[in-house]
There are 2 protein chains.
Amino acid sequence: MTVTLADVAARAQVSPATVSRVLNGNYPVAASTRDRVLKAVDELDYVLNGPASALAAATSDLVGILVNDIADPFFGIMASAIQAEIGGPGGRAGGERLAVVCNTGGSPERELTYLTLLQRQRAAAVVLTGGAIEDAAHQAAMDTKVRKLADAGTRVVLCGRPPAPETGAIALTFDNRGGGQKLTEHLIGLGHRRLGYIAGPEERTTTRHRLEGHRAALAAHGIEEDPRWTVHGRYDRRSGYEATLELLRRDPSLTAVVAANDSVALGACAALRDSGLRIPEDVSVAGFDDLPFSIDAVPALTTVRLPLAEAGARAGRIAMGREEAPPGGIASVRGELMVRGSSGVPRVS
Amino acid sequence: MTVTLADVAARAQVSPATVSRVLNGNYPVAASTRDRVLKAVDELDYVLNGPASALAAATSDLVGILVNDIADPFFGIMASAIQAEIGGPGGRAGGERLAVVCNTGGSPERELTYLTLLQRQRAAAVVLTGGAIEDAAHQAAMDTKVRKLADAGTRVVLCGRPPAPETGAIALTFDNRGGGQKLTEHLIGLGHRRLGYIAGPEERTTTRHRLEGHRAALAAHGIEEDPRWTVHGRYDRRSGYEATLELLRRDPSLTAVVAANDSVALGACAALRDSGLRIPEDVSVAGFDDLPFSIDAVPALTTVRLPLAEAGARAGRIAMGREEAPPGGIASVRGELMVRGSSGVPRVS
DNA sequence: TCATGTATAGAAAGCGCTTGCTGTACCGCT
DNA sequence: AGCGGTACAGCAAGCGCTTTCTATACATGA
């Protein structure tokens with residue numbers, strides 16, 4: 001048998017109520033009694049029964065963090081920052097919380113199911129990271145679920161995700177559109193006129209916004225876009241490699257390749273090199289996110305830095321009620337253009 | 001008020017017991033009754049109360065995954081693989097489980113506290129990943145805790161971590177020593193005799209084992225090691241950069257740098273390049289782990305591939321009782337030497 | 001001295017679910 | 001017809017904790 005509150009109470013010669021109060025520290029208990037109780041807890045090696053406690057108190061110390069792909073540093077960095085603020089053990093005050101990272105793998109069903117599971121656990125808060133899936137039915141289902149969670153007292157924060165109005169969720173959105181635009185404008189400024197674009201998976205807000213920014217920049221400079229210049233893929237290196245070969249096949253005269261993110265850009269670099277093209281002399285490459293490894297690419301990657309850790313930390317604090325929500329419940333977080341070696345003046349054609 | 005089992009029961013005109021049985025599907029219920037119950041569940045939008053359920057059933061559907069640094073793909077990849085097997089939502093049979101990833105940040109206290117938290121939640125299983133901390137007191141504390149968890153029925157699996165005998169935990173250990181040895185032997189085979197080594201943080205089993213392998217290779221070939229050739233650092237790029245500069249300062253005649261892992265190796269490459277040295281013509285570089293980005297380094301990194309995803313998947317299956325534990329509860333997983341462009345024949349001195 | 005606080009401890013009623021045991025039909029068999 | 005079986009469904013006793021309300025013991029001020 002495991003040790004229960006009652007056992008501790010018996011040993012300390014007090015009532016279970018007193019033990020509970022000592023453990024929760026939310027009610028005056030005489031110092032001498034407290035010591036006796038703590039001693040008993042220690043001697044019996046007592047561990048609180050989480051479910052029982054959650055049931056009785058109607059609250060839990062679980063905080064959920066939903067990510068699309070935990071193996072991707074983009075999410076890893078955010079999750080890490082969020083978790084650090086949630087406290088987990090080692091967190092500052094306020095009782096220990098269990099921050100749980102849930103990997104949706106980008107699947108709508110899993111996203112929803114995880115939300116239900118967290119709702120079931122009566123999670124104290126939930127942070128949803130990464131772009132949303134653009135499917136009307138799924139969006140609606142998510143919104144309903146989020147609203148339900150919020151109504152049940154769970155604080156919901158969207159980090160790097162578009163706002164979900166009317167759901168009671170707080171949103172910290174990345175300005176993907178603006179970032180994409182700045183990036184492409186930088187390339188145009190260098191003289192590029194024929195730019196390939198490797199977009200992420202369709203039906204994702206992140207994909208769409210970055211692409212929109214890119215197109216806005218082109219439009220602003222009177223560059224007419226050739227439909228052959230855009231290829232969709234996944235957010236990984238492999239995809240970038242293949243998409244680049246495809247782009248090259250469609251139009252070998254491209255002087256720049258803009259990728260949906262840094263991993264894709266790395267794949268693009270590899271494909272270009274394997275095709276005998278130099279970066280940036282023959283083709284410039286640009287990424288997005290500025291993940292740690294981007295600076296190690298050769299040449300170092302020109303990209304848009306997203307303050308992942310900062311945004312995550314803020315989301316975590318908001319989730320814990322330790323920081324005020326932004327006005328209107330929505331804040332936009334901008335990216336910073338990082339110009340590095342992978343972008344340069346195009347060769348004269 | 002939230003909807004309870006009783007509400008559903010009332011609506012379906014059955015007893016709460018029946019509703020519970022329908023939901024758990026572990027007891028015969030007439031098809032017509034089941035349908036009525038499910039309909040009521042649906043109409044009322046009922047969500048099971050996790051804590052209450054866990055309390056009554058004395059089991060929970062939580063599975064904990066402890067990682068040192070979730071922002072590091074090394075752990076991200078393992079966690080992802082483990083979680084995929086745990087099932088989480090979308091997992092195959094056996095009721096949905098909530099796989100929770102806990103970030104210890106390499107801190108002994110947090111490691112312990114997370115274990116307590118999971119114990120508190122009566123987790124169904126716990127997977128501990130990554131090297132252990134080599135501190136007698138902490139080791140003992142961990143072992144006791146693990147034993148307690150195991151005794152309480154929580155399945156504990158160590159993935160990429162040294163075995164903890166007598167604790168009831170199952171271990172899938174990486175053969176870091178063997179990998180380190182193979183790697184250094186490869187360099188020696190190329191003709192290197194003056195090899196710098198950038199080790200990880202001290203007091204970590206992973207660090208020690210890899211270093212031991214390296215030294216074993218040196219010893220096997222009669223190479224006497226110069227104490228100046230080893231520098232300790234952290235497992236990140238930055239650390240690799242700095243350590244390399246230090247190594248170069250101590251002995252500019254080194255012809256190879258072996259790093260504790262790939263991130264460190266990348267930092268080393270950057271430092272070498274910044275010092276005007278070519279890779280591998282002037283100095284060869286080798287990493288460890290073979291993370292996805294390693295192949296994108298220029299030149300691609302020679303390293304030891306650890307089957308992170310495979311090991312994680314296996315650990316996950318074992319944790320779920322879906323795969324038999326290895327004989328003796330211990331299995332060693334070997335790494336594979338990946339020879340790539342970053343290592344070559346040393347320049348003639 | 002007696003009413004009135006003030007501080008601390010206990011009794012007990014749940015929290016919402018699971019499950020062992022106890023019915024109650026209805027079946028087929030002798 | 002009478003009996004053992006089988007298939008469902010319900011009763012009710014908890015699971016281990018929190019928390020409201022009540023009780024006790026002093027200390028206090030009038």
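If you're wondering where the values come from, they're calculated on a predicted model, not measured in any experiment. Note on naming: letters A, B, ... go to the chains in the order of the sequence lines (proteins, then strands), and numbering restarts at 1 for each one.
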Expected list for residues 314-321 of chain A: side-chain donor-acceptor pairs under 3.5 angstrom, two or more places apart:
{"unit_1": "A:R314", "atom_1": "NE", "unit_2": "A:E323", "atom_2": "OE2", "d": "3.0"}
{"unit_1": "A:R317", "atom_1": "NH1", "unit_2": "A:E323", "atom_2": "OE1", "d": "2.2"}

Examine C:dC17: is either OP1 or OP2 under 4.0 Å from a nitrogen or oxygen in the side chain of B:S53? Give yes or no.
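So the side-chain polar atoms of B:S53 never come under 4.0 Å of the phosphate oxygens OP1 or OP2 of C:dC17.
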Before giving the answer on side chain to side chain contact (heavy atoms under 4.5 Å, CB included), spell out for B:R36 and B:V14 the whole-Å C-alpha distance, their side-chain angles and the decisive distance to 0.1 Å.
CA-CA 9 Å; B:R36 204 143 32 87; B:V14 295; 3.8 Å; yes
What bend angle does the helix from C:dT1-D:dA30 to C:dT30-D:dA1 show across its length, from five-pair end axes and to the nearest 10 degrees?
40°
Under the side chain to side chain contact (heavy atoms under 4.5 Å, CB included) criterion, do B:I70 and A:I70 qualify, and how do the steps go?
CA-CA 8 Å; B:I70 203 176; A:I70 204 177; 3.9 Å; yes
Is there any side-chain hydrogen bond (donor to acceptor under 3.5 Å, both in side chains) pair reaching into residues 152-162 of chain B, and which pairs are they, with sequence neighbours excluded?
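The answer is B:E111-B:R161.
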Output one line per pair: protein atom, nucleotide atom from nucleotides 13-15 of chain D, and distance, for all N/O pairs under 3.5 Å.
{"unit_1": "D:dC15", "atom_1": "O2", "unit_2": "B:A56", "atom_2": "N", "d": "3.4"}

Residues touching DNA chain D, which here means a heavy atom under 4.0 Å, drawn from residues 17-38 of chain B:
B:A17, B:T18, B:R21, B:Y27, B:P28, B:V29, B:A30, B:T33
Separation of D:dC17 C1' from B:R122 CZ (nearest whole Å):
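Those two atoms, CZ and C1', are 11 Å apart.
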Nearest whole angstrom, please: distance from the C1' of C:dA11 to the CG of A:L5.
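In whole Å, C:dA11 C1' and A:L5 CG are 15 Å from each other.
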Are A:T18 and A:S15 close enough that a side-chain donor and a side-chain acceptor fall under 3.5 Å?
yes
Can a side-chain donor-acceptor contact be found between B:Q119 and B:K148 if the only test is distance below 3.5 angstrom?
no
Taking the side chain from B:T167 and the backbone from B:V146, do they hold a donor-acceptor pair closer than 3.5 Å?
no
Kindly check if the number of other-residue, nucleotide or ligand heavy atoms within 6.0 Å of CD (B:Q13) is above 12?
no
Option among B:N68, B:L66, B:I82 that satisfies the side chain to side chain contact (heavy atoms under 4.5 Å, CB included) test with B:T129
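Per the side chain to side chain contact (heavy atoms under 4.5 Å, CB included) rule, the option paired with B:T129 is B:I82, out of B:N68, B:L66, B:I82.
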Side chain to side chain contact (heavy atoms under 4.5 Å, CB included) involving A:S53 - partner list, sequence neighbours excluded:
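Per chain and number, A:S53 pairs via side chain to side chain contact (heavy atoms under 4.5 Å, CB included) with A:L48.
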